[in-house]
Undergrad: 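Let me give you the structure first, and then I'll get to my questions.
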Number of protein chains: 2
Amino acid sequence: MDKRITIYDLAKTLGVSAGTVSRSLNDHPSISQKTKDRVISKANELGYKTNKFAVNLSKQKSNTIGVIVPKLNSIFMSTVLAGIEKIANEAGYNLIISQSLESMEKEKINAKTLYDSGVDALLVSLAYDTSNFDHFANYIKNKIPLIFIDRVTNLPNCSTIIIDNKLAGFVATEHLIAQGCKNLLYISGNLKQNVYSERLKGFQEAVAKHNLIFNNANLLESDLSPGSVKQAITHIKDTGIPFDGLFVANDSFAAHCLKELKKENYKIPQDIKIVGFNNDPISDLVTPTLSTINYPGYEMGILAGQSVISQLNGSIDFQAANSITLRHELIIRESSLK
Amino acid sequence: MDKRITIYDLAKTLGVSAGTVSRSLNDHPSISQKTKDRVISKANELGYKTNKFAVNLSKQKSNTIGVIVPKLNSIFMSTVLAGIEKIANEAGYNLIISQSLESMEKEKINAKTLYDSGVDALLVSLAYDTSNFDHFANYIKNKIPLIFIDRVTNLPNCSTIIIDNKLAGFVATEHLIAQGCKNLLYISGNLKQNVYSERLKGFQEAVAKHNLIFNNANLLESDLSPGSVKQAITHIKDTGIPFDGLFVANDSFAAHCLKELKKENYKIPQDIKIVGFNNDPISDLVTPTLSTINYPGYEMGILAGQSVISQLNGSIDFQAANSITLRHELIIRESSLK
DNA sequence: TTGTAGGCGTTATCAT
DNA sequence: ATGATAACGCCTACAA
């Protein structure tokens, strides 16, 4: 294997110093164009390749952005990631992606690993059960940009990228009410997470505004896994309340409920109307098509990416970390028709 | 900001040499337990943190594995990634993930970037239009493990992880024939890609075996984007052939076709039977549910991960790069019932 | 405009 | 079992 050639090799063959070579390669203003040209052409000729490890050591930065998501294999998260990757890549950063698998413990480990490996910034969407945030302290202390996406918490100097879940919940619920629903059920994910608790607030507000009843039976907290569909159906059938409107915290679970309800001979939307959340591709493919809230995952990714990059470039002050709220949108399809 | 403490700081306060500290921290056998204990406890006390940049420079490796996928936001790919991430993480490697966005040019750039950034290995699922593989030459020359997943090519010393697409295509097609279909249509993706061309071979074999006709009209090459559904429907309606069986190269497109065909008053499966591919979550949620080929994405990821790790550990010889073919499975649902 | 030399924090090879 | 010292390859004051 041909030995790797360094700036010293170049320096020697060119009869200049290593410093000059380094500066030439980096287009430093204090080097004459002539010298630069000589160096660069010789570098190409000899197949010089800069050693990132040395650069990193010298600059103490890695040109790398860490990302922690709950799960890689979710259509929403991978869409967010696609947006982040696009921006990061264009800006010359690499993405180190890891998944917490919805566990705070794994999230802690990931945060530490990424910190140790010297990421220049960190993007996080929180795990299911994350209740403590000490594992981010190092980032904040060392002024490493830290940005939360979708599943967020409020930490000093950290940006957040979210949608207005409360308003979205309100809009979805009010839509059901406008369609004539009187007995609503909100099927939620873990209420410790901002996204689900906020939607609940919106749900409750809409219910209250229209003088409908809200008590325990109008809320079902679920882990939203396919295995929990039965539990949801049981709740709907056995609570004694004649539910006629469902607001479900994500489309996938909504689609499963839809399917099961049809099996139980409910007519959708005649008997029960349903609104999901996310505008997952499946929402437009099930029968009847599923009304939902459009969740701009890709845009979230783009914005998150832009936000980190500008913080890294110093074009945004570290202190001035801001919170971006994206526009959501109610998409009315068949499952909530009158 | 408190200055970072190094092994020299430790060495000084402990009255030993930096080398001793380094060896203690790395549990080197030639250091007495006593010294190790002293060093380690002092390290904790002072909050010592190893500098990955320096380690990388010194060892000329990054503990990092590069991944290039066509698209992050595909349920299949993100599932594969989830598997890879799990294994890599357990082995102490970080994943740098980038997407080619189905473009060979972007794939080239990604390959170069990752190479420059010093990944210890590279996992690739090829872009739509990749026809030249020179951008991987550096990896091979420098014996950096290179593994292809799903969308593969045959390069010397490179492992591949695939399923037997030809057999899967054969099985799917023969199933349709067994259900009584006489006029089959294979709706394919870009035939330059191994996955689609192999499935076509299987399709053709099954058709030939059962003495059915195969000519141009029995094959429709498509980009499988939602925008191309109309074209597919037109083909089915206007070709003059009374198609009664569809083998579609992925579930998402199959689901879209299903929906459109229903709109056009075709009865599924009575008029036309359909088999998709991938066992996408969607396939079990549409009406009627979609028969499909189960595509073990997560397992592919796991195996790909294990394969790299063992190559990196030297437990598999670089030369002995092997090709792993995973088991697929026909899942019969409503869309292909008699 | 260019050269010099020290630093970045570890690891590894010789000695001792 | 430990220490000294030279890599690792690049960057960047400071000097010239």
Side-chain angles (χ1 to χ4, degrees), chain A residues 1-40 42-43 46-64 92 115-120 142 144, chain B residues 1-40 42-44 46-64 92 115-120 142:
Chain A
M1 176 149 30
D2 26 352
K3 186 175 150 286
R4 238 178 115 128
I5 108 146
T6 73
I7 51 173
Y8 289 103
D9 301 325
L10 286 178
K12 201 180 300 171
T13 62
L14 286 167
V16 297
S17 79
T20 301
V21 173
S22 170
R23 285 186 276 249
S24 297
L25 260 15
N26 292 307
D27 206 23
H28 188 105
S30 81
I31 299 288
S32 73
Q33 193 56 47
K34 205 168 167 180
T35 310
K36 279 181 190 167
D37 292 343
R38 280 184 64 221
V39 172
I40 289 170
K42 185 56 98 182
L46 266 49
Y48 166 80
K49 231 201 64 193
T50 138
N51 183 321
K52 282 280 186 2
F53 300 143
V55 179
N56 290 349
L57 174 59
S58 181
K59 294 201 178 166
Q60 296 292 1
K61 61 168 294 205
S62 64
N63 250 273
T64 259
Y115 180 75
D116 288 345
S117 79
V119 294
D120 297 340
N142 293 83
I144 297 172
Chain B
M1 178 151 29
D2 26 353
K3 185 173 154 283
R4 231 174 122 128
I5 108 145
T6 73
I7 51 172
Y8 287 103
D9 301 326
L10 286 177
K12 201 180 298 169
T13 60
L14 286 166
V16 297
S17 79
T20 302
V21 173
S22 171
R23 284 185 279 247
S24 297
L25 261 14
N26 292 306
D27 205 22
H28 188 105
S30 81
I31 298 287
S32 72
Q33 194 55 49
K34 203 167 165 183
T35 309
K36 278 182 192 167
D37 293 343
R38 279 184 63 220
V39 171
I40 290 171
K42 184 56 95 180
N44 289 332
L46 267 49
Y48 166 80
K49 234 202 63 196
T50 137
N51 183 320
K52 280 281 186 1
F53 301 142
V55 179
N56 290 348
L57 174 59
S58 183
K59 295 200 176 168
Q60 296 292 358
K61 61 168 295 205
S62 63
N63 251 274
T64 259
Y115 180 73
D116 288 345
S117 77
V119 293
D120 297 339
N142 293 83

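Residue numbers begin at 1 in each chain, while the letters A, B, ... track the order of the sequences.
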Undergrad: Could you tell me whether A/G118 contacts a base, only the sugar-phosphate backbone, or nothing, with contacts defined as non-hydrogen atoms closer than 4.0 Å?
TA: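 Here A/G118 touches no strand at all.
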Undergrad: With sequence neighbours left out, what residues match A/N63 under side chain to side chain donor-acceptor pair (under 3.5 Å)?
TA: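 For A/N63 there are no side chain to side chain donor-acceptor pair (under 3.5 Å) partners, ignoring immediate neighbours.
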Undergrad: Without decimals, in angstroms, what is the distance between A/R38 CZ and C/dT1 P?
TA: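 So the two atoms are 15 Å apart, to the nearest Å.
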Undergrad: Once ring pair (Phe, Tyr, Trp, His ring centres under 6.0 Å) is applied, do any residues pair with B/Y48, and if so which ones, sequence neighbours excluded?
TA: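 Result, ring pair (Phe, Tyr, Trp, His ring centres under 6.0 Å) vs B/Y48: none returned.
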Undergrad: Across nucleotides 9-16 of chain D, 5' to 3', mark each nucleotide with B, S or - according to how protein heavy atoms within less than 4.0 Å reach it.
TA: BBSBB---
Undergrad: So what does A/S30 touch, heavy atoms closer than 4.0 Å: a base, only the sugar-phosphate, or nothing?
TA: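 Base, at least one base heavy atom under 4.0 Å.
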Undergrad: Within this structure, what is the NZ-to-C1' distance between A/K61 and C/dC8, rounded to whole angstrom?
TA: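 About 16 Å, once rounded to whole Å.
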Undergrad: To the nearest Å, give me how far apart CG (A/L14) and P (C/dG3) are.
TA: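 Rounded to whole Å, this separation is 10 Å.
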Undergrad: Examine distances only and state if a side-chain atom of A/D37 and a backbone atom of A/K34 form a donor-acceptor pair shorter than 3.5 Å.
TA: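 Pair absent, no side-chain N/O of A/D37 close to backbone of A/K34.
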Undergrad: Check the distance between C/dG3's P and A/L10's CG and give it to me in whole angstrom.
TA: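 Rounding to the nearest Å, CG of A/L10 and P of C/dG3 are 13 Å apart.
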Undergrad: Rounded to whole angstrom units, what separation is found between the CG atom of B/D27 and the P atom of D/dA1?
TA: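 Distance check: B/D27 CG to D/dA1 P gives 12 Å.
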Undergrad: Please, which pairs that meet salt bridge (Lys or Arg N to Asp or Glu O under 4.0 Å) have at least one residue in residues 12-23 of chain B, sequence neighbours excluded?
TA: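 Not a single pair qualifies under salt bridge (Lys or Arg N to Asp or Glu O under 4.0 Å).
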Undergrad: Salt bridge (Lys or Arg N to Asp or Glu O under 4.0 Å): which pairs involve residues 47-57 of chain B, sequence neighbours left out?
TA: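 Every candidate salt bridge (Lys or Arg N to Asp or Glu O under 4.0 Å) pair involving residues 47-57 of chain B fails, so no pair, neighbours aside, qualifies.
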Undergrad: Taking only residues two or more places apart in sequence or in another chain, which ones pass side-chain contact (heavy atoms from CB on, under 4.5 Å) with A/V16?
TA: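 Expected list: A/L14, A/T20, A/V21, A/R38.
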